[in-house]
There are 2 protein chains.
Amino acid sequence: MESTTPRMLAAIVAVVAAAAQAVSAQRPAAPVVSPELQPDRKVTFRLRAPAAKEVSVWGDWGPAVPLARADDGVWSVTLGPLAPELYQYGFIVDGLRITDPGNPHTKPQRSPSTSILEVPGQPALLSEFQPVPHGTLHHHAYQSRPLGRVRPLVVYTPPGYDQQASGRFPVLYLFHGSGDSEATWGVVGRAHYILDNLIHAGRAKPMVIVMPDGHAVPPGPAGGQNLEQFERDLLEEVIPFAEAHYRIRNTPDGRAIVGLSMGGGQSLTIGLNHTELFAWVGGFSSAVRDPAVSLAPALADPAATNGKLKLLWFACGKDDRLVDGARVLDTLLKEKSIRHEYQETAGGHSWPVWRKYLPQFVSLLFQ
Amino acid sequence: MESTTPRMLAAIVAVVAAAAQAVSAQRPAAPVVSPELQPDRKVTFRLRAPAAKEVSVWGDWGPAVPLARADDGVWSVTLGPLAPELYQYGFIVDGLRITDPGNPHTKPQRSPSTSILEVPGQPALLSEFQPVPHGTLHHHAYQSRPLGRVRPLVVYTPPGYDQQASGRFPVLYLFHGSGDSEATWGVVGRAHYILDNLIHAGRAKPMVIVMPDGHAVPPGPAGGQNLEQFERDLLEEVIPFAEAHYRIRNTPDGRAIVGLSMGGGQSLTIGLNHTELFAWVGGFSSAVRDPAVSLAPALADPAATNGKLKLLWFACGKDDRLVDGARVLDTLLKEKSIRHEYQETAGGHSWPVWRKYLPQFVSLLFQ
């Protein structure tokens with residue numbers, strides 16, 4: 001029973017073929033085009049769901065909007081014109097949240113239910129692919145000894161990295177939020193295109209970006225241990241792996257750390273408690289629990305902390321439910337006279353905001 | 001109207017925050033665990049869909065199976081024990097095919113509706129991550145001049161590629177099927193793990209694998225032009241890009257070409273008509289239209305074709321609807337005395353079959 005014999009394989013593939021036929025018999029006759037972006041930036045969403053009672057589309061552009069059903073069972077609605085932006089959206093079918101089956105571009109997340117729609121700008125947004133030299137996203141997997149399982153890891157190398165045979169690049173460790181994965185800063189955050197464009201414009205130093213999986217512990221009863229276990233994996237596996245595979249700097253002034261939401265809690269806590277490793281520390285819309293306790297080592301000796309840090313930068317949107325926590329941290333750091341930059345911006349807890357924070361932060365690094 | 005002003009951004013993020021709140025209000029109280037793989041290889045699938053009338057799960061293991069509804073609106077079923085394999089599956093909710101929202105692992109495809117479940121073997125399958133040296137998957141984007149748009153590209157480099165400063169590797173151009181994308185040979189085909197394991201066992205030469213997007217033309221009225229446009233993009237953009245960015249060989253005996261289904265039609269047609277580029281040619285469950293016409297140049301001078309080819313290998317499953325086409329091609333090549341190897345195997349048009357063909361084919365390359 002422990003391995004696939006040829007006979008088992010034959011049985012499997014036979015039923016697979018039968019299932020494939022059964023499934024294809026259920027397929028709609030004509031494919032539905034969705035989303036359809038018109039030149040005036042109006043967008044039509046369509047879903048074939050003959051049995052559904054209610055279909056709506058939610059998106060970064062505003063509240064959910066109902067779709068109307070046609071006689072052929074195809075639901076549709078046209079919105080906009082939409083401002084240039086990379087939008088997240090999805091359908092809600094009788095209460096069930098699903099991706100748009102017509103759209104191959106989906107958001108990497110723990111519970112996949114979100115599609116992506118890019119409405120390009122003129123001129124192009126900083127997050128768009130532009131005619132400039134491009135870096136590369138590298139996908140790795142590694143066996144984590146502290147966590148006892150295989151973990152994914154994404155690494156960005158800047159344009160020219162491969163053409164150069166020697167020389168070490170500064171490195172940014174960049175963390176995602178709780179609903180997302182190691183791939184989300186690329187696919188949705190467009191960290192690679194933002195860096196390509198900034199580097200080309202001379203607004204950021206060429207740097208390597210290391211994007212680990214922020215979920216060291218599955219959500220649930222053990223979820224409270226996530227920060228601690230993530231820190232162990234970062235220090236014992238991710239950083240050594242990155243330094244073994246890439247020509248990156250291994251001194252504090254060549255290392256930065258930042259993340260968003262859950263990842264901002266990770267970056268601020270780990271960064272400020274390990275100033276022997278990181279001289280550039282940040283957080284976007286960060287969830288820092290109990291900063292007086294979790295940051296106690298850094299707060300205990302402000303002069304030492306100020307001496308080691310080259311940058312402590314964090315930001316939060318005024319409409320973000322986490323803004324109170326950001327203000328608490330700002331006040332605490334002021335009381336302790338720890339140098340920092342806190343920005344309170346327009347916006348909430350959302351990717352359009354984080355795609356603005358990333359260029360602000362990386363432009364300050366390694367100067 | 002052509003760019004996002006701060007005021008527009010503020011308006012957008014405000015409604016985003018409102019939408020996020022509205023959406024989170026609709027979220028179920030407790031997350032549903034799905035799929036849940038037990039040690040005995042039984043698997044439980046769960047979906048929260050209180051308003052649904054009928055829910056079933058389809059998968060590579062056999063015909064679709066209905067789920068049962070509990071009072072809390074969660075549907076579930078337990079299947080198996082399942083033989084070790086990487087399974088594709090999905091839910092059908094009142095006729096709508098969706099991915100499992102509890103499972104972060106989804107199949108890259110044109111119409112996303114498929115989740116992935118790995119049931120590990122003991123010993124491990126060739127397609128599993130094992131404790132051997134590992135290569136890397138690199139994700140690129142490039143501007144295609146013939147197609148006039150940005151295109152994705154995935155490249156595998158074998159273990160040790162980065163540690164070696166010089167020396168060129170042989171290269172395999174590997175194409176996906178019509179429902180899939182440039183990422184599917186990695187995520188579902190596990191081409192990278194298969195190669196890592198074969199190379200470690202001395203059963204394949206270290207090689208680079210280049211995986212382009214097989215859809216040069218969107219499906220629809222212009223779909224008939226896909227092979228021709230794909231060939232232009234491959235020859236004018238993909239191969240030059242790969243040779244500019246990677247240390248790969250640029251002579252026929254250092255280049256192989258293979259694909260599955262639509263991609264097998266592409267690899268056999270382009271490969272056999274360009275023996276000045278490729279000496280190693282293959283096809284898995286291939287869709288070759290009108291071989292007497294499409295392969296006319298190669299068939300016209302069998303002695304020349306035999307002199308240039310080091311390998312022509314193709315295979316198809318007995319239960320595959322494309323097997324008749326494979327037999328026609330086999331007969332045609334025999335009539336013309338063009339040396340080739342044709343394998344008719346158990347199985348249908350499915351990934352478990354293609355994950356068997358890949359190791360067979362790559363083991364023969366560059367010897």
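Computed from heavy atoms alone, side chains included, the values below leave out hydrogens, waters and symmetry copies. Order of the sequence lines sets the chain letters (A, B, ...), proteins ahead of strands, with each chain counted from 1.
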Looking only at A:Val150, A:Asp94, A:Val33, most heavy-atom pairs under 4.5 Å shared with chain B are made by A:Val150
Name the region of B:Leu47, side chain, backbone, both or neither, that has any atom closer than 4.5 Å to a heavy atom of chain A.
side chain
For A:Ser34, the side-chain hydrogen bond (donor to acceptor under 3.5 Å, both in side chains) test, sequence neighbours excluded, returns A:Asp100
Nearest 0.5 Å, what's the CZ-CZ distance between A:Arg97 and B:Arg48?
13.5 Å
What distance do B:Thr136 atom OG1 and A:Leu137 atom CG have between them, rounded to the nearest 0.5 Å?
12.5 Å
B:Ala51, B:Ser111, B:Ala52, B:Pro112: which one forms the most heavy-atom pairs within less than 4.5 Å of chain A?
B:Pro112
Applying a strict 4.5 Å limit to non-hydrogen atoms, the region of B:Thr106 in contact with chain A is side chain
To the nearest 0.5 Å, tell me how far A:His140 NE2 sits from B:His134 NE2.
12.0 Å
Need one label for B:Tyr193: side chain, backbone, both or neither, based on atoms under 4.5 Å from any heavy atom in chain A.
side chain
What distance separates B:Ile98 CD1 from A:Phe91 CZ, expressed to the nearest 0.5 Å?
13.5 Å
Is A:Ala244 in contact with chain B via its backbone, its side chain, both, or neither, using a 4.5 Å heavy-atom distance?
backbone
Which residues pass the ring-ring contact (aromatic ring centres under 6.0 Å, His included) test with A:His138, sequence neighbours left out?
A:Tyr246, B:His138
Using heavy-atom distances under 4.5 Å, tell me whether B:Gln109 contacts chain A through its side chain, its backbone, both, or neither.
backbone
Using heavy-atom distances under 4.5 Å, tell me whether B:Asn103 contacts chain A through its side chain, its backbone, both, or neither.
backbone
Heavy-atom cut-off 4.5 Å, strictly under: side chain, backbone, both or neither for A:Val93 against chain B?
side chain
If one checks every heavy atom of B:Lys53 against chain A at 4.5 Å, the contacting part turns out to be side chain
